[in-house]
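Input: a single structure, listed below in structure tokens.
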Amino acid sequence: MWPAWAQEVQRVSITVAPLTLAAPSSKTQLPIQVGPQDALPKNSFIRVRGLPLFASLSDGYVLSPGIWSVPLIGLPGLTIQVPAGAQGKSDVVLDLVTVEGRVLAEAKLSW
């Protein structure tokens, strides 16, 4: 019998398009995939960092300006809302985080 620490841990990952175009005065789908599903710790979530203050997400909670916490259950229909007149580019970092705050995976995108 091998000790628990000697067993291989299955790695989790985040998959997202590297570039998302979000037009002003619109809702844009933000397709984020995490997996494998059976390796995801219970109550883990996606932390979104780098959103401009004028943008909002369709699901999740604002932790501080530009930083959101999105439950994994909210990922399938997640959209970004950008108000009319908004301009610019943002570099966004997505972290898969455990309920204890440990980062398991990271992905980056620009929009």
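All figures in this text were calculated on a predicted structure; none of them were measured in a lab.
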Just how far is it from atom [atom1] of [X] to atom [atom2] of [Y], taken to the nearest 0.5 Å?
{"X": "Ser90", "Y": "Arg49", "atom1": "OG", "atom2": "CZ", "result": "13.5 Å"}
{"X": "Thr28", "Y": "Gln81", "atom1": "OG1", "atom2": "CD", "result": "8.5 Å"}
{"X": "Phe45", "Y": "Leu96", "atom1": "CZ", "atom2": "CG", "result": "9.0 Å"}
{"X": "Glu100", "Y": "Ser44", "atom1": "CD", "atom2": "OG", "result": "9.5 Å"}
{"X": "Asp59", "Y": "Leu75", "atom1": "CG", "atom2": "CG", "result": "8.0 Å"}

Positive for side-chain contact (heavy atoms from CB on, under 4.5 Å) with Leu57, one of Leu51, Thr79, Val62
Leu51

Under the criterion side-chain contact (heavy atoms from CB on, under 4.5 Å), which of Leu30, Val93, Ile32, Val48 is the partner of Leu109?
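Exactly one candidate clears the test, Leu30.
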
Can you check whether Asp91 reaches Lys108 side chain to side chain, under 4.5 Å on heavy atoms?
no

Heavy-atom check, side chain of Leu104 versus side chain of Leu40, under 4.5 Å:
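They are not in side-chain contact.
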
What are the two closest non-hydrogen atoms of Gln29 and Leu78, and how far apart are they?
NE2-O, 3.4 Å

Shortest non-hydrogen separation from Ile14 to Ala105 and the atoms involved:
CD1-O, 3.6 Å

Does Val92 belong to the same Ile/Leu/Val/Met/Phe/Trp/Tyr cluster as Phe54, with side-chain heavy atoms less than 4.5 Å apart forming each link?
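They do share one cluster, since a chain of ILVMFWY contacts under 4.5 Å joins Val92 to Phe54.
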
Give a yes or no on this: more than 12 heavy atoms of other residues, nucleotides or ligands lie within 6.0 Å of atom CD of Gln33.
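No, because the 6.0 Å sphere around CD of Gln33 holds 12 heavy atoms or fewer from other groups.
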
